[in-house]
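The structure appears below as structure tokens.
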Amino acid sequence: MDTPLATVFLPLALAVIMFGLGLSLTIDDFRRVRRHPRAVVVAMFCQLLLLPLLCWALVIAFSLSPVLAVGMMLLAASPGGTTANLFSHLFGGDVALNVTLTAVNAVLAIATLPVITNLALWYFEPDIGSDSMGLQFGKVLQVFALVLVPVVLGLAVRRRSEGFAQRMDRPVRQLSVIVLVAVIIGALVAERNNIVDYLLDVGPAALVFCMASLTIGYVAPRLFRLDKRQSIACSMEIGVHNSAVAMTLAISVLGSVSLAVPAAVYGVLMYPVAALAGVLMTRGSRAADELTSAS
């Protein structure tokens, strides 16, 4: 798909979002992995293995078309969104851990995104009107450039001028939200002739996947005896996917707007669902604390 949306706006939009993520990171966020190895391992296990398997089961259960199924798998393979840190902060999560998970996830996505994408394309065989089925080496480099390079640049800017990075953090975050909304609207408008059918088809699957991602992200860490704040951070990292990555990969790299629809729908649903999940987790924490103090 050789259009300004695919070749200019989407890559630029994703670059802005990932640059904003880089501005919020420091080298210490990566070093912190050694201090919280269990939390990082549990969260990445859920993100990289459980979620793709869950998503695969859901698209089979909901009998999604091959195109929408691959779009859902793209979403499942995408790293946590930049607003996961904000949700973690709002609902009492361990924000430092959350930032560490975001940093690690962004790097690992370079390898996992192409693998999961190729497996999904091979299994579901969608008709996306592309001569090249799968992510070839050149396309893997495109994913690398779209995701990691802006993050590294943001890291470099913060390392060189932390004061400037802190001043720019909020405006860039706000711009990232605006850009993400614009990307979602653009994808939905481009598929306006099919959007009602797509919403009816993929909406329930996306909603269940969102709720399940947030639940797994909270319950699994608790089973491994991580504390409440760490579990909330893991839940937000795992449940708030980076829809912009999935949509950019679908449209700019694989050349199909239809593949981007599940990510666009998820991008609309995940914010209210994540907010509700945060309220429930916070109330659950307070209730548990009250029971403990009463006993």
Side-chain angles (χ1 to χ4, degrees), residues 1 3 5-6 9-10 13 50-78 80-81 83 87 113 116-117 119-130 133 177-217 238-280:
M1 175 178 290
T3 66
L5 174 66
F9 181 71
L10 272 175
L50 286 188
L51 287 196
L53 290 174
L54 170 66
C55 187
W56 177 80
L58 283 175
V59 300
I60 298 296
F62 281 91
S63 300
L64 296 187
S65 67
V67 170
L68 294 180
V70 173
M72 284 291 295
M73 294 303 296
L74 276 176
L75 175 68
S78 298
T83 51
F87 275 104
L113 261 170
I116 294 174
T117 299
L119 287 174
L121 289 168
W122 168 78
Y123 184 85
F124 293 106
E125 298 182 343
D127 181 11
I128 57 176
S130 175
M133 290 298 292
V177 173
I178 294 171
V179 166
L180 178 58
V181 171
V183 169
I184 292 172
I185 292 173
L188 295 178
V189 169
E191 287 293 305
R192 58 188 175 277
N193 294 330
N194 303 312
I195 192 61
V196 174
D197 292 336
Y198 282 162
L199 285 173
L200 292 175
D201 289 340
V202 80
L207 180 60
V208 172
F209 182 59
C210 184
M211 294 188 296
S213 297
L214 290 161
T215 302
I216 289 173
I238 292 168
V240 181
H241 290 272
N242 197 326
S243 299
V245 170
M247 285 187 284
T248 305
L249 183 62
I251 297 173
S252 297
V253 180
L254 293 173
S256 173
V257 178
S258 300
L259 286 178
V261 170
V265 173
Y266 192 94
V268 173
L269 294 173
M270 70 179 178
Y271 293 109
V273 175
L276 177 59
V279 170
L280 292 175

Next on the checklist: Quick check: do Phe62 and Val208 have side-chain heavy atoms less than 4.5 Å from each other?
Outcome noted: yes
Checklist entry - Given Ser213 and Tyr266, is the side chain to side chain contact (heavy atoms under 4.5 Å, CB included) satisfied, shown in steps? => result CA-CA 12 Å; Ser213 297; Tyr266 192 94; 4.1 Å; yes
Item to check | Inter-residue atom distance Leu259.CG - Ile251.CD1, 0.5 Å rounding | outcome: 9.0 Å
Next on the checklist: Rounded to the nearest 0.5 Å, what separates atom CG in Leu249 from atom OG in Ser256?
Outcome noted: 11.0 Å
Checklist entry - What residues form a side chain to side chain contact (heavy atoms under 4.5 Å, CB included) with Pro66, not counting sequence neighbours? => result Phe124, Pro126
Checklist outcome for this item: So CG of Leu53 and CD1 of Ile116: to nearest 0.5 Å the spacing works out to 9.0 Å
Item to check | Parallel, tilted or perpendicular: ring planes of Tyr271 versus Phe87, cut at 30 and 60 degrees | outcome: parallel
Item to check | With Leu276 via side chain to side chain contact (heavy atoms under 4.5 Å, CB included) - residues at least two apart | outcome: Leu280
Checklist entry - Ala274 and Leu214: which non-hydrogen atoms are nearest, and at how many Å? => result CA-CD1, 3.7 Å
Item to check | Nearest heavy-atom neighbours spanning His241 and Ser78 | outcome: ND1-O, 3.4 Å
Checklist entry - Looking at Asp201 and Leu64, what are the two nearest heavy atoms and their distance? => result O-CD2, 3.2 Å
Item to check | Shortest non-hydrogen contact between Ile238 and Gly217, atoms and distance | outcome: CD1-CA, 3.6 Å
Checklist outcome for this item: Here the pair of heavy atoms bringing Pro52 nearest to Ala76 is CA-CB, 4.2 Å
Next on the checklist: Going by side chain to side chain contact (heavy atoms under 4.5 Å, CB included), name the residues that satisfy it together with Leu54, two or more places apart in sequence or in a different chain.
Outcome noted: Leu51, Leu58, Phe209, Ala212, Ile216
Item to check | Nearest atoms (heavy-atom pairs only) where Ala244 meets Thr248 | outcome: O-OG1, 2.7 Å
